[in-house]
Amino acid sequence: MTQRTLRRFLTETLTDNAELVFLIEDIAAACRIIADRVRNAPFDGDLGTTQSENIQGELQKPLDLIANDVVERVCANSPRLAALVSEEVEDVTWLKPPQKGDFVLYFDPLDGSSNLDVNLSVGTIFSIMEIMQDGQRDILRPGRDQICAGYAIYGPTTMLVFSLGQGVNGFSCHSTTGEFRLTHPDLQIPETTSEFAINTSRQVFWDGAIQSYVADCVAGVSGPRGRYFNMRWTASMVAEVHRILMRGGVFLYPMDRENEAKGGRLRLMYEANPMAWLIQAAGGTATTGQDNILDVPPTQAHQRVPVILGSAQEIEIIRDYYRRS
Ligand code: FBP
């Protein structure tokens, strides 16, 4: 059977929300352009680092800024898009006076950009919420209020993976025609796993719960888990979440002694919320260690949060380590 195009999927699924179809199509168009810029970066002189810092105090890569401009420029075309909240821009960008039913787009234009110079997978993460009342300029709403969230991954194949709340679907971009087609329908995360992803160079900062969890995993068959675990770390959340959606696993960027003062490492509105929403729609779980990420009340646009997500049973086991510690 022919794989459905993104447009056909969207028009058949969102029968009463043409404006959301337009916005998701614009996001897909932006991601196609970003994929091209990433692929051609060595020819265009777009690798390396700029001298400018973003609001997080991180040095920006040329492609961080290019990807941000592409999303802004392409999505500003969407008739109901009222505001943009980007990792790379300190203030909210208001495009129009907000009206009930307009959209706010939260995004990380190029996640995992430390991987660019080594030619590994990076991606764009996005989340969409609705304005609840005319004139309301409140962009700080919990992840449960998202109406669509997902990411594009720029790997060997460019893919767009998103959820409208129920189910997660993956669309691959054909490199010749540029068409996105539904190649990975209804992704489901296996409940159990023997694979975890954590930056172990931070072990010196970990709290007791994470120390014990990782020690028990690496103890193998003779340890309390009674089996061998595999470990992965790509320093690109998009790539980690994509792997988990494909074959299960857990990803941990927990609160630790070093990042505690900032509230964690990853950003709530455009990294943790969209990925938590996707993981849950595919049958997995996403927690801060204590609470469901989707219930975390945001207090600022660039807020950070601890993130632990993936296969449901394994996340429950990690939560037990926290309860016991
Ligand atoms: P950027 O959005 O600035 O690229 O940072 C996010 C991120 O790259 C995640 O994708 C990844 O999980 C994490 O930072 C990697 O952190 P570390 O540098 O500790 O490996």
Side-chain angles (χ1 to χ4, degrees), residues 31 34 37-38 41 46-50 52-68 70-71 84-90 106-127 149-155 161 195-206 210 214 231-245 249-276 278-279 286-289 293 301-310:
C31 292
I34 297 169
R37 296 297 302 256
V38 168
D46 289 336
L47 295 178
T49 302
T50 68
S52 62
E53 282 186 359
N54 64 13
I55 169 75
Q56 342 281 342
E58 298 158 347
L59 279 180
Q60 293 168 307
K61 307 262 178 190
L63 279 165
D64 285 323
L65 302 175
I66 291 166
N68 184 71
V70 169
V71 174
L84 296 148
V85 179
S86 166
E87 178 187 357
E88 302 303 333
V89 180
E90 180 164 2
Y106 307 80
F107 65 107
D108 179 352
L110 211 49
D111 177 73
S113 51
S114 67
N115 281 308
L116 285 166
D117 292 342
V118 290
N119 199 15
L120 294 177
S121 295
V122 293
T124 299
I125 309 176
F126 63 92
S127 155
Y151 61 83
I153 182 165
Y154 312 120
V161 179
E195 192 163 75
F196 66 97
I198 191 166
N199 181 347
T200 48
S201 70
R202 304 186 64 81
Q203 179 162 17
V204 65
F205 304 124
W206 292 344
I210 297 298
V214 174
M231 206 283 284
R232 286 282 179 273
W233 188 251
T234 63
S236 166
M237 191 191 196
V238 166
E240 315 277 8
V241 168
H242 193 68
R243 186 186 60 250
I244 291 170
L245 282 170
V250 290
F251 165 89
L252 304 95
Y253 217 121
M255 180 89 86
D256 63 33
R257 213 153 33 80
E258 189 270 341
N259 66 32
E260 190 173 10
K262 292 181 184 161
R265 163 75 163 92
L266 300 174
R267 279 52 61 106
L268 176 63
M269 304 305 284
Y270 39 77
E271 290 180 321
N273 272 344
M275 293 312 204
L278 274 185
I279 291 287
T287 176
T288 61
I293 286 176
H302 299 284
Q303 179 171 339
R304 296 179 191 251
V305 70
V307 176
I308 299 172
L309 53 75

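Order of listing sets the numbers, starting from 1, for every ligand and every atom in it. Reckoned from all heavy atoms, side chains included, excluding hydrogens, waters and symmetry mates.
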From the list L268, V307, L278, I125, side-chain contact (heavy atoms from CB on, under 4.5 Å) with N273 holds only for L268

Is it true that atom CG of D117 has more than 12 heavy atoms of other residues, nucleotides or ligands lying nearer than 6.0 Å? yes

Keeping the roles fixed (side chain from D111, backbone from E271), state whether a donor-acceptor pair exists under 3.5 Å. no

Sequence neighbours excluded, the answer for ring pair (Phe, Tyr, Trp, His ring centres under 6.0 Å) partners of Y106 is none

Measure up the F251 and W233 rings against each other and bin them: parallel (under 30°), tilted (30 to 60°), perpendicular (over 60°). parallel

If you measure only the distance, is there a donor-acceptor pair under 3.5 Å linking the side chains of N68 and S86? yes

Lining ligand 1 at under 4.0 Å, by non-hydrogen atom distance, are residues E58, E87, D108, D111, G112, S113, N199, W233, A235, S236, M237, F251, Y253, R265, L266, R267, E271

